[in-house]
Amino acid sequence: MDENQVLEALAEDFFHGWDVAVTGGGYLITTDWVLPNNERIEIHVRRVGDREDLFIVTDGGELINYLFSQGVDLTRDRDSQRILDGIVENRSIKISEHQLAKGANEEEIAGAVRVLLEAVKEASFSLWHKIRSKPEDSVH
């Protein structure tokens, strides 16, 4: 087995279980990466306005909604917000309207999807200790 065969096998295995659905203005990518509650992470890719060459890649608000549903309210928990801010800043991602978002042209879409996935995964597990420390009967 040479290095090209290893790369091909890795690429095939890495994307096995992923789904891409065409939406009105782009794509919905359902990955086999999961949040700590085992829900699959979805990434939205949408055209920016009428432009054919510019896209916004987002998590659709999935991370912040997940954290909130698990009792981590980023509007009140400054430590958690600082952790998330550091994660997105390191990847040149913005938080806009409760969504992790990254702009991309056509050539950058795949890299933007990967970077967004890494950020969602890192943030969900970095803040897992906050979720696990909540009392069982606590809503928030």
Side-chain angles (χ1 to χ4, degrees):
M1 178 178 267
D2 67 15
E3 65 274 7
N4 289 329
Q5 290 171 311
V6 171
L7 285 173
E8 288 173 17
L10 285 169
E12 183 177 322
D13 187 65
F14 186 78
F15 295 108
H16 182 75
W18 286 40
D19 297 307
V20 177
V22 176
T23 62
Y27 307 95
L28 173 63
I29 302 169
T30 304
T31 73
D32 66 348
W33 291 34
V34 295
L35 292 167
N37 65 355
N38 289 322
E39 288 183 23
R40 292 171 70 180
I41 298 171
E42 296 179 341
I43 302 295
H44 303 262
V45 178
R46 297 182 188 100
R47 281 194 172 81
V48 174
D50 292 333
R51 300 214 25 200
E52 295 288 327
D53 62 336
L54 191 57
F55 296 83
I56 185 97
V57 180
T58 77
D59 73 332
E62 187 173 7
L63 173 66
I64 292 174
N65 287 336
Y66 164 74
L67 293 171
F68 186 78
S69 73
Q70 298 298 314
V72 178
D73 183 352
L74 296 172
T75 63
R76 292 192 170 107
D77 186 340
R78 297 290 178 226
D79 291 335
S80 294
Q81 184 65 57
R82 274 193 289 277
I83 291 169
L84 180 57
D85 288 345
I87 291 167
V88 298
E89 184 178 320
N90 287 340
R91 290 177 172 78
S92 300
I93 295 173
K94 302 289 184 209
I95 300 175
S96 176
E97 298 179 11
H98 306 291
Q99 299 180 59
L100 274 60
K102 186 165 182 67
N105 62 33
E106 285 184 2
E107 295 81 28
E108 298 167 331
I109 290 174
V113 167
R114 180 185 55 80
V115 166
L116 215 68
L117 268 173
E118 290 172 354
V120 169
K121 190 77 164 180
E122 182 180 351
S124 66
F125 279 97
S126 293
L127 297 170
W128 182 245
H129 70 282
K130 297 255 184 189
I131 295 166
R132 297 307 304 159
S133 67
K134 299 283 182 200
E136 288 289 325
D137 59 346
S138 171
V139 176
H140 292 280

Enquirer: Does the side chain of Val57 reach to within under 4.5 Å of the side chain of Ile43, using non-hydrogen atoms?
Expert: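 Counting from C-beta outward, Val57 and Ile43 do come under 4.5 Å.
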Enquirer: Looking only at non-hydrogen atoms, find the nearest pair between Glu106 and Glu52 and report the distance.
Expert: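 The answer is OE2-O, 3.4 Å.
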Enquirer: Do you know which two heavy atoms are closest between Leu100 and Ala119, and how far apart they sit?
Expert: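 Shortest heavy-atom separation between Leu100 and Ala119 comes out as CD2-CB, 4.0 Å.
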Enquirer: Taking all non-hydrogen atoms of both residues into account, name the closest pair between Val34 and Phe125 and its distance.
Expert: O-CE1, 4.2 Å
Enquirer: Shared ILVMFWY cluster between Leu28 and Tyr66, side chains joined below 4.5 angstrom?
Expert: no
Enquirer: Under the salt bridge (charged side-chain N to carboxylate O under 4.0 Å, His left out) rule, what pairs show up with a residue in residues 9-31, not counting sequence neighbours?
Expert: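 Listed once each, the pairs are Asp19-Arg40.
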Enquirer: Taking only Lys NZ, Arg NE, NH1 and NH2, and the carboxylate oxygens of Asp or Glu, determine whether Asp79 and Arg82 approach each other closer than 4.0 Å.
Expert: yes
Enquirer: Return the CD to CG distance between Gln81 and Asp73, rounded to the nearest 0.5 Å.
Expert: 10.0 Å
Enquirer: Kindly give the heavy-atom pair with the smallest separation between Ser126 and Ile87, and that separation in Å.
Expert: OG-CD1, 4.0 Å
Enquirer: Are Glu8 and Asn4 close enough that a side-chain donor and a side-chain acceptor fall under 3.5 Å?
Expert: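 Distance-only check fails for Glu8 and Asn4.
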Enquirer: Search all heavy atoms of Ala101 against all heavy atoms of Leu116 and return the closest pair with its distance.
Expert: N-CD1, 4.2 Å
Enquirer: Determine whether Ile95 and Ile64 make a side-chain contact, defined as any pair of heavy atoms from C-beta on separated by less than 4.5 Å.
Expert: yes
Enquirer: Quick check: closest heavy atoms across Trp18 and Ile29, and the distance to 0.1 Å?
Expert: CE3-CG2, 3.7 Å
Enquirer: Quick one: are Gln99 and Ile56 in side-chain contact, heavy atoms under 4.5 Å?
Expert: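 The answer is no; the side chains never approach within 4.5 Å.
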Enquirer: Take atom CD of Glu97 as the centre, draw a 6.0 Å sphere, and report whether it contains more than 12 heavy atoms from other residues, nucleotides or ligands.
Expert: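 Open: at most 12 neighbouring heavy atoms sit under 6.0 Å from CD of Glu97.
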Enquirer: If I take atom CG from residue Leu74 and atom CD1 from residue Ile83, how far apart are they, to the nearest 0.5 angstrom?
Expert: 9.5 Å
Enquirer: Is the number of heavy atoms from other residues, nucleotides or ligands under 6.0 Å of Asp50 CG greater than 12?
Expert: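 Not buried by this count: 12 neighbours or fewer within 6.0 Å.
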